[in-house]
Amino acid sequence: MNKSKDFLRRIVEEDLKTGKYQEIITRFPPEPNGFPHIGHAKSISINFGIARDYNGHCNLRMDDTNPTTEDTQYVEALKDAVHWLGFEWDKKVHFTSDYFHQLYDYAVELIKIGKAYVDSLNEDEIREYRGTVTTIGKRSKYAKRSVEENLDLFERMKKGEFEDGAHVLRAKIDMSASNMKMRDPLLYRIRHAHHFRAGDEWSVYPMYDFAHCLSDYIEGVTHSICTLEFENNRVIYDWVLDTLKLKPPRPYQYEFARLNINYTVMSKRKLLELVEKKIVSGWDDPRMPTIAGYKRRGYTPESILNFCEQIGIAKANSMVDVSQLEFCIRDDLNQKVPRVMCVVNPLKVTITNYEDLEEIDAPYYPHDVPKEGSRKLPFSKEIYIDRDDFAENPPTGYFRLTPEQPVRLKYAYILTCKEMIKDTNGDIIEIQAEYHPDSKSGSDTSGIKVKSAIQWVEANSAKKVELRLYDRLFKDEAPQGKEDINPNSLKIIKGALIEPAVITDKPDVRFQFEREGYFYADPVDYKDAVPVFNKIVALKDSWSKKKKPSKKLANAQTKKIQIDGEATPMDADEQARFDKYKNELKLNNEVANILARDKTLSSFYEEALSTLNSPLNIANIVVNEVARELKQKEISELKFSAKQIARLVKMIDDETISTKIAKGVFEEMSKSGENPTKIVQAKGLVQISDPTKILPVINEIIAKNPDNVQKFKEGNGKLLGFFVGQVLKKTGGKANPKVVNELVKKQLE
RNA sequence: UGGGGAUUCGCCAAGCGGUAAGGCAUCACGUUUUGGUCGUGACAUUCACAGGUUCGAAUCCUGUAUCCCCAUCCA
């Protein structure tokens with residue numbers, strides 16, 4: 001079904017296919033220093049999801065290398081989150097701290113092979129020595145320490161003989177690396193701190209870059225999936241595993257873009273601030289984007305998972321619209337939960353011509369939800385409806401009750417307003433109405449047409465409930481801080497009235513309050529005496545949207561103007577080459593320019609040119625194809641020579657092969673280093689230009705695709721490419737495209 | 001300013017030289033005892049921009065622009 005796979009799954013499939021790994025092992029490696037949020041859910045969904053899809057397994061590993069920030073309460077929250085989302089980790093929960101001894105041994109190994117040293121510079125000096133992004137760093141004088149001295153020092157660091165910060169263990173890599181992460185990264189620091197699991201055993205703790213890759217390796221992880229900000233760390237990941245010369249297979253790191261959602265924040269720091277400053281009630285405040293928050297709010301794990309699936313996995317930073325999440329929870333709950341009636345803002349209605357008391361049977365689910373179940377609805381002369389469902393002066397298009405317009409009480413009778421009772425302020429406090437005895441739901445013979453059916457509750461049996469209405473926590477789409485908080489993110493309604501069955505029968509914990517939204521019995525504060533419901537999400541409301549004037553005025557052709565920077569001027573050599581290519585060899589500006597500015601490319605070009613005098617075609621293939629290879633490899637690594645390129649071009653010049661075939665042959669050459677003429681021979685790639693051979697193929701394709709022929713004749717010129725492509729495919733790429741093109745055009749006219 | 005990434009509809013996102021997928025949002029219409037759901041239809045002649053290569057480019061080449069990440073003894 002899902003035909004397009006994300007890039008991670010594609011990599012996994014490839015690795016399985018090539019036999020790089022027998023079993024796929026992933027891991028979800030949070031640091032237990034905060035509550036997991038929906039961004040973690042994305043990571044969980046990816047890591048556990050991939051493991052599940054490819055019959056592997058996923059480890060839950062607490063990355064607990066920093067004793068000063070981590071705590072066991074977060075470990076529990078993390079475990080809860082994974083379970084709640086429906087995943088099971090392999091065997092036990094892993095901890096990086098489980099590997100502290102092995103990690104220490106690996107560090108000793110690194111020292112022994114001269115790839116790590118104990119540095120005794122202080123923090124400021126280390127920073128200073130590191131240099132900046134534009135200036136190279138300089139190595140500490142302590143890097144010269146002997147292996148023995150390093151070993152001795154490191155052991156004493158471990159034993160706790162030194163103060164915090166007195167020494168660190170660093171990898172010996174390259175202080176002039178353009179990637180700052182490679183400037184002798186720190187591997188261990190001294191911390192006389194109590195670790196929540198390891199206790200006081202250790203005085204040194206490993207850094208992320210050292211611990212993470214090795215923990216992955218120890219666990220046999222194959223695909224170490226993390227977020228984009230670790231792209232720069234990947235080289236260290238590789239460096240550590242490679243210089244330790246570990247027994248293969250080893251894991252590789254891949255990065256994806258972390259999740260952002262508008263109108264909320266996702267950083268642990270900002271989330272922690274909201275909790276600590278008591279802006280929210282806690283980590284599980286239903287307005288928080290934490291797993292605990294969504295859970296308390298009433299979101300289902302299915303909806304969160306479905307959301308994660310919908311948004312996809314890619315490498316571009318992005319901000320997902322909350323409406324996508326809201327869609328997922330509505331979509332899930334629509335099929336699942338019972339519909340009940342709750343009046344949020346009650347307005348009393350006295351039905352003057354009704355003196356009876358009856359119980360009306362009402363189904364819990366609408367006709368389009370295939371679930372059974374119903375309850376009794378008491379009905380009497382005193383009921384409540386929502387204030388919004390009556391209007392003395394209705395706006396146009398208003399479907400509900402007005403002095404002139406009757407309305408149906410859902411599952412019950414049609415009601416006509418007779419009188420409005422107002423208080424001294426002129427506010428309506430009660431409606432006197434009449435019901436139509438022959439209009440009862442299911443046996444309506446009144447013939448009265450109403451525009452809508454509204455929810456209601458019977459006055460004596462209705463239960464008072466507390467409603468907590470949540471709105472987005474921030475008023476800004478990309479909030480920076482507290483100043484962007486939405487002051488109305490929580491509205492508490494104390495006097496809402498609900499039909500009795502909800503409280504007495506408790507058919508579920510989640511409900512749709514008809515025409516209002518989905519609600520969830522608060523798992524903490526709900527008391528039988530004072531039932532509390534959280535609003536999960538409102539129903540989609542196309543009426544209130546319609547009332548408001550359209551918010552966005554068309555941002556008419558704001559075609560952004562782009563200022564192009566200037567190309568650096570050529571030096572004398574380059575200029576001379578450019579002139580020669582342009583004037584003598586008649587290359588076009590672009591090609592001459594590229595060649596002139598690239599010394600490697602131009603000498604390659606000239607070498608080929610010395611064998612074959614075909615300046616244009618050689619230039620094209622050098623600039624477009626050879627240049628690509630040179631992006632990944634050094635010139636010495638190329639499997640093909642300039643002479644071979646000349647031979648390839650010769651075949652193009654002879655029209656033995658088309659440029660399309662030439663590209664394929666080039667691919668082959670760069671992989672195998674095989675002679676181009678041999679490749680062409682071996683694969684029989686000589687192009688077919690004879691119309692009598694091509695025509696039958698064209699006619700066959702035309703006959704097979706009458707729809708597209710029709711479309712083409714209707715003016716869809718793009719289909720020409722479709723037909724040419726099909727013919728080329730059919731002939732294994734050998735048909736002469738120019739000839740095909742002309743013939744197809746002719747045949748279709 | 002050095003290095004590493006990214007750029008396809010309002011928001012996500014497929015696409016890997018041969019007809020610009022899909023979802024959310026939006027807008028119509030239809031069904032509806034929820035202004036819900038559901039159904040139908042509309043919504044990128046164009047892929048950040050400019051050149052080049054090619055019969056054919058979102059896809060290959062060159063350059064430019066914009067955004068993100070890296071100079072914690074955090075992860």
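What's counted below: heavy atoms across the whole structure, side chains too, no hydrogens, waters or symmetry copies. A note on names: the letters A, B, ... follow the listed sequences, proteins ahead of strands, and every chain is numbered from 1.
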Test for a donor-acceptor pair under 3.5 Å between the base of B:U34 and the side chain of A:Glu516, counting only N and O atoms. no

Would you indicate, yes or no, if B:C74 has its OP1 or OP2 atom less than 4.0 angstrom from a side-chain nitrogen or oxygen of A:Arg191? yes

Spell out yes or no: do the side chain of A:Asp368 and the base of B:G36 have one donor N/O and one acceptor N/O closer than 3.5 Å? yes

Paired with B:U31 by Watson-Crick or G-U wobble geometry, both distances under 3.5 Å: which nucleotide is it? none

Touch class at under 4.0 angstrom, heavy-atom based, for A:Lys315 against every strand present: sugar-phosphate

May I ask which nucleotide in the shown strands pairs with B:A21, Watson-Crick or G-U wobble, both distances under 3.5 Å? none

Taking only side-chain nitrogens and oxygens of A:Asn588, does any of them come within less than 4.0 Å of OP1 or OP2 of B:U53? yes

Taking atom P in both B:C43 and B:G23, what distance in whole Å separates the two? 14 Å

Using OP1 and OP2 only, check whether a side-chain N or O of A:Lys718 sits under 4.0 Å from B:U45. no

For B:U72, does the O4'-C1'-N9-C4 or O4'-C1'-N1-C2 angle fall within 90° of 0, making it syn, or is it anti? syn

Can you tell me the distance, in whole Å, between the CG atom of A:Asn260 and the C1' atom of B:C67? 13 Å

Report yes or no: is there a donor-acceptor pair, N or O only, under 3.5 Å between the side chain of A:Glu514 and the base of B:G36? no

Report the residue from A:Thr96, A:Asn66, A:Thr69, A:Thr65 that forms a side chain to side chain donor-acceptor pair (under 3.5 Å) with A:Glu31. A:Thr69

B:U54 phosphate, OP1 or OP2: any side-chain N/O from A:Asn620 under 4.0 angstrom? yes

Between atom CE in A:Met180 and atom C1' in B:C70, what is the gap in whole Å? 8 Å

Under 4.0 Å between a side-chain N/O of A:Ser323 and OP1 or OP2 of B:C11, yes or no? no

Watson-Crick or G-U counterpart of B:A13, or none if no pair lies under 3.5 Å: none

So, does A:Asp598 use its side chain to make a donor-acceptor pair with the main chain of A:Ile594 at under 3.5 Å? no

Can any side-chain N or O of A:Ser439 pair as donor or acceptor with the backbone N or O of A:Ile414 at less than 3.5 Å? yes

Answer with base, sugar-phosphate or nothing: what part of the nucleic acid does A:Val133 contact at a heavy-atom distance below 4.0 Å? base

Got a donor-acceptor pair under 3.5 Å from the side chain of A:Asn334 to the base of B:U37? no

Tell me what A:Asp209 touches on the nucleic acid: a base, only sugar-phosphate, or nothing, going by heavy atoms under 4.0 Å. nothing

In whole angstrom, what separates A:Ile313's CD1 from B:C12's P? 16 Å

For nucleotides B:U7 and B:G15, find the distance between their C1' atoms and express it as a whole number of Å. 15 Å

With a 3.5 Å distance limit and no angle check, can you tell me whether A:Ser140 reaches the backbone of A:Tyr142 through a side-chain donor-acceptor pair? yes

note: A:Lys545, atom NZ; B:A25, atom P; distance rounded to Å ~ 8 Å

Using Watson-Crick geometry (N1-N3 plus N6-O4 or O6-N4) or G-U wobble (N1-O2, O6-N3), each under 3.5 Å, B:U64 is paired with B:A48

B:G52 base to A:Glu590 side chain: any donor-acceptor pair below 3.5 Å? no

With stacking defined as ring centroids separated by under 5.5 Å and planes differing by under 30°, is A:Trp543 stacked against B:G35? yes

Starting from C1' on B:U72, measure out to CZ on A:Phe210 and report it in whole angstrom. 19 Å

CZ/A:Arg9: more than 12 non-hydrogen atoms of other groups inside 6.0 Å: yes

Strictly by Watson-Crick or wobble contacts shorter than 3.5 Å, is anything paired with B:A42, and which nucleotide is it? B:U26

Please determine if a side-chain N or O atom of A:Thr134 lies less than 4.0 Å away from the OP1 or OP2 oxygen of B:G3. no

Please figure out whether A:Asp6 or A:Phe399 has its closest RNA chain B nucleotide nearer the 5' end. A:Asp6

Flag, side chain of A:Gln253 to backbone of A:Ile225, donor-acceptor distance under 3.5 Å: no

Please give the nucleotide sitting opposite B:U53 as a Watson-Crick or G-U wobble pair, both distances under 3.5 Å, or none. none

Kindly indicate whether the side chain of A:Lys738 and the base of B:G56 share any N or O donor-acceptor pair separated by less than 3.5 Å? no

Distance check needed: B:C73 P versus A:Glu123 CD, whole Å only. 6 Å

Is there, by distance only and without an angle test, a donor paired with an acceptor across the side chain of A:Arg515 and the base of B:U34 below 3.5 Å? no

Looking just at side-chain N and O atoms, do A:Tyr411 and A:Glu514 make a donor-acceptor pair shorter than 3.5 Å? yes

Base of B:C68 paired with side chain of A:Asn317 (donor-acceptor, under 3.5 Å): no

Can you work out whether A:Leu186 or A:Asn624 has the more 5'-proximal nearest nucleotide on RNA chain B? A:Asn624

Does a distance-only test, which skips hydrogens and angles, find a donor-acceptor pair under 3.5 Å between the side chain of A:Lys181 and the base of B:G3? no

In whole angstroms, the gap separating P of B:U34 from CZ of A:Arg339 amounts to 11 Å

Separation between the C1' atoms of B:U46 and B:U8, rounded to whole Å: 9 Å

Quantified in whole Å, what is the P atom distance between nucleotide B:U33 and nucleotide B:A21? 38 Å

Classify the side chain of A:Arg400 and the base of B:G35 as holding, or not holding, a donor-acceptor pair under 3.5 Å. yes

With sugar-phosphate meaning primed atoms plus P, OP1 and OP2, does A:Val320 contact a base, only sugar-phosphate, or nothing at under 4.0 Å between heavy atoms? sugar-phosphate

Hey, does the side chain of A:Tyr205 reach the backbone of A:Ala193 with a donor-acceptor pair shorter than 3.5 angstrom? yes

Short side-chain N/O contact to B:U62 OP1/OP2 from A:Lys631, under 4.0 Å: yes

Interatomic distance at C1', B:C67 relative to B:U72, whole Å: 24 Å

Got a donor-acceptor pair under 3.5 Å from the side chain of A:Asn179 to the base of B:G2? no

Within the pair A:Arg130 and B:C73, is there a side-chain N or O less than 4.0 Å away from OP1 or OP2? yes

Is A:Asn260 reaching over with its side chain to a backbone N or O of A:Val320, donor-acceptor style, under 3.5 angstrom? no

Could you give the OH-to-C1' distance, from A:Tyr254 to B:G5, as a whole number of Å? 17 Å

